[in-house]
Structures are given as structure tokens and as C-alpha cells.
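Report on the structure given below.
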Amino acid sequence: MDATAGAIIVSSVMLSCSTLVVAGLLWLSARLAGRRAAADRQEWMGTELAEISADVKAIRALLEDSID
């Protein structure tokens, strides 16, 4: 095997390894983004539930006042 063939093989291996590293980093980034989005949705749902709960309490108080 001459030097050119060896250089081609080495560069192919390095390119494959680099591709795997980049793919791994993209996968990790997507997972972390998904977790952040899920946490944001959960926070938003908690806020919405708190607002709905306050509305229900206000409606209940109005209904009790109208009955009395």
C-alpha cells in the first residue's frame, strides 16, 4: 500500500468518526431541546391551571352570593 492509499483510508476513517460525533451532538441537542420544551409546556399548564382555579373560585363566590 502506498502513501496515497494510506492517506485516503485514514481520512475516510477520520471523516466517519467526525460524522458520528456530529450526529451524536445533534441527537443530544435535540433531546435537551425536547426536555426544555416539555418543561416550558408544564410551566405554562401550571399557570393556566392556576388561572382557571382562580376563575372557578370567583364564579363559585358569585353563585353563593346570588343564592343568599
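Worth saying up front: this structure is predicted, and the values here are computed from it rather than measured. All residue numbers refer to positions in the sequence shown, counting from 1.
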Report task. Report, as yes or no, whether the 6.0 Å neighbourhood of atom CD on Glu43 holds more than 12 heavy atoms from other residues, nucleotides or ligands. Result -> no
Query raised in the report: Ignoring hydrogens and geometry, is there a side-chain-to-backbone donor-acceptor pair from Ser53 to Leu49 under 3.5 Å?
Result: no
Query raised in the report: Just by modelled atom types, is the Leu25 backbone N or O under 3.5 Å from a matching donor or acceptor in the Ser29 side chain?
Result: no
Once rounded to the nearest 0.5 Å, what's the spacing between atom [atom1] of [X] and atom [atom2] of [Y]?
{"X": "Leu15", "Y": "Leu20", "atom1": "CG", "atom2": "CG", "result": "9.5 Å"}
{"X": "Glu51", "Y": "Glu48", "atom1": "CD", "atom2": "CD", "result": "5.0 Å"}
{"X": "Gln42", "Y": "Thr47", "atom1": "CD", "atom2": "OG1", "result": "10.5 Å"}

